[in-house]
2 protein chains.
Amino acid sequence: MNFDEILDAIYLLPKDSKAKLRDLVTEVTFPKGHILLREEKVERSIYFIKKGIVRAFSIKPEKEHTFWFGSEGETAMSMQSYINDLKGYESIQLLEYSELYKLNTAALKKLFSEDIHISNWGRRFAELELIKTEERLISQQFHTALERYTVLVASNPDLIQRVQLGQIASYLGITQVSLSRIRAELK
Amino acid sequence: MNFDEILDAIYLLPKDSKAKLRDLVTEVTFPKGHILLREEKVERSIYFIKKGIVRAFSIKPEKEHTFWFGSEGETAMSMQSYINDLKGYESIQLLEYSELYKLNTAALKKLFSEDIHISNWGRRFAELELIKTEERLISQQFHTALERYTVLVASNPDLIQRVQLGQIASYLGITQVSLSRIRAELK
DNA sequence: TCTTAAATTTTACAAATGATAAAAAAGGAA
DNA sequence: TTCCTTTTTTATCATTTGTAAAATTTAAGA
């Protein structure tokens with residue numbers, strides 16, 4: 001998925017606005033395991049995933065919590081840094097070799113104030129992330145672990161293949177042992 | 001909290017942009033118990049709360065799930081309707097007599113395409129809602145019910161007084177019995 | 001105030017989940 | 001392949017949470 005397609009999937013931009021964004025972007029690649037951004041730091045860029053899978057996690061007291069998986073077309077970023085210039089609570093790690101488009105936040109914000117199309121792109125971007133997060137919240141709050149796992153498998157069948165179960169369990173808000181039990185049930 | 005203050009709390013607008021928004025808004029009041037918007041319907045407006053408390057809930061198979069409380073300065077709306085023109089999964093009900101500012105979504109979107117300041121206001125609006133939702137999600141996923149309840153009481157002491165415990169329990173993602181147990185522990 | 005209804009807490013039991021340890025299976029490197 | 005490490009599953013027991021029903025408290029109206 002190239003940069004243009006990623007932009008278009010969010011909000012259709014006129015050619016020249018798109019060009020302005022393209023000028024800001026650099027392509028970067030990293031090996032499996034690379035830490036793209038670190039919790040407790042203010043992150044100055046956001047990364048659109050061209051290819052690969054990443055996970056966001058934080059190491060709270062002792063335990064490691066995975067709270068997001070991102071793949072092709074999605075954006076790896078700290079919302080707290082992007083939105084409020086605060087340090088984020090998550091680290092983001094590449095789960096496989098990945099290719100990313102890196103975009104500097106400050107430069108993007110400058111464009112928001114200059115180009116109404118890009119401003120609307122930024123609005124749409126936030127809105128789409130909002131919907132995703134709201135759906136996650138509802139799923140987390142009102143569905144059982146079994147239901148959440150079933151939905152995850154149905155919507156991201158490849159994820160299960162490519163990601164460790166302990167991380168998926170954490171993402172679902174349960175222990176790895178519980179997830180194993182759920183999987184055993186389903187057989 | 002008047003309309004100007006509500007706008008300013010989101011993003012500072014030039015006078016004339018603010019005036020354009022003010023022209024779109026009508027003030028409405030409803031009694032306790034009024035259903036402001038209904039699940040499974042596409043909602044054409046969003047409502048800024050001038051005064052009062054509301055709750056969003058949905059009636060899934062049999063059970064009623066409360067997933068949001070809103071009060072002064074917050075916005076009562078269906079994200080799915082606002083963002084994707086889809087029917088929302090929530091109904092919103094007034095928990096007390098309330099005064100609201102009603103804003104038509106289509107008219108607002110028209111301004112987004114015409115006025116860069118309003119477009120950036122809309123971006124900021126979505127971004128702030130996104131941060132709130134993300135924090136809810138993290139809290140739900142990685143903190144115990146006891147922790148969540150304690151935080152809720154600390155940050156919204158009045159809410160506990162004004163809202164039924166069954167609804168608060170649902171909001172926390174637990175049963176009313178569990179919440180009673182937690183409250184008994186804390187005495 | 002008294003009466004009734006609604007809301008909240010408590011209790012008892014069942015089901016689900018967590019913690020821990022150990023066994024089994026899968027994957028990688030020499 | 002073989003050995004070694006990592007990941008996943010299984011088993012056991014303790015804890016938490018849910019369900020249902022009863023007991024208590026609170027609120028509201030006559």
Review point. If you group Ile, Leu, Val, Met, Phe, Trp and Tyr by side-chain heavy-atom gaps below 4.5 Å, do L13(A) and F3(A) land in one group?
Key: yes
Check your understanding: Just checking, is any N or O donor in the side chain of R123(B) or Y11(B) under 3.5 Å from an acceptor N or O on the other one?
Key -> no
Review point. Using a distance-only test with no angle check, is there a side-chain donor-acceptor pair under 3.5 angstrom linking E39(A) and Q80(A)?
Key: no
Study note, to complete from the structure: Here the distance between atom P of dT17(C) and atom OH of Y149(A), to the nearest Å, is 15 Å
Review point. When clusters are formed by joining ILVMFWY residues with side-chain heavy atoms under 4.5 Å apart, either directly or through shared neighbours, do M77(A) and M1(A) land in the same one?
Key: yes
Check your understanding: So, do S119(B) and F112(A) sit near enough that their side-chain heavy atoms are less than 4.5 Å apart?
Key -> no
Review point. CZ of R148(B): more than 12 outside heavy atoms within 6.0 angstrom?
Key: yes
Check your understanding: Taking atom C1' of dT7(D) as reference, at what distance in whole Å does atom CG of L179(A) sit?
Key -> 12 Å
Revision key, fill the gap. Rounded to whole Å, the CD-C1' distance (Q161(B) to dT8(C)) equals 14 Å
Point to revise | Student check: side-chain heavy atoms of K132(B) and E74(B) closer than 4.5 Å | key: yes
Exercise for review: Do nucleotides 24-30 of chain D as a string where each nucleotide becomes B, S or -: B if the base has a protein heavy atom under 4.0 Å, S if just the sugar-phosphate does, - if no protein is that close.
Suggested key: -------
Practice item. Starting from the first five and the last five pairs of the helix from dT1(C)-dA30(D) to dA30(C)-dT1(D), work out the angle between the resulting helix axes, to 10 degrees. Key: 50°
Review point. Linking I/L/V/M/F/W/Y whenever any side-chain heavy atoms sit under 4.5 Å apart, do L100(A) and F69(A) land together?
Key: no
Review point. Applying the 4.5 Å side-chain criterion to the ILVMFWY set and letting contacts propagate, would L108(A) and L128(A) be lumped into a single cluster?
Key: yes
Review point. Out of dT8(D), dT10(D), dT10(C), which has the shortest distance to the side chain of Q176(A)?
Key: dT8(D)
Study note, to complete from the structure: With E114(B) as partner, the option from I118(B), L111(B), I116(B) fulfilling side chain to side chain contact (heavy atoms under 4.5 Å, CB included) is L111(B)
Review point. Should I182(A) and I160(A) be regarded as members of a common hydrophobic cluster, given that ILVMFWY residues are connected when their side-chain heavy atoms come within less than 4.5 Å of each other, either directly or indirectly?
Key: yes
Practice item. Could you state the atom-to-atom distance from CG of L165(B) to C1' of dT8(C) in whole Å? Key: 7 Å
**Study point:** Length of the line joining E185(A):CD and dT9(D):C1', which is rounded to integer Å
**Key:** 14 Å
**Study point:** Whole-Å distance separating the CG atom of L186(B) from the P atom of dT8(C)
**Key:** 17 Å
Study note, to complete from the structure: Reading nucleotides 13-21 of chain D from 5' to 3' and marking B where a protein heavy atom lies under 4.0 Å of the base, S where only the sugar-phosphate is that close, and - otherwise, the string is ----BBBB-
Practice item. Could you tell me whether the phosphate oxygens of dT8(D), OP1 or OP2, come under 4.0 Å of any side-chain nitrogen or oxygen in R183(A)? Key: no
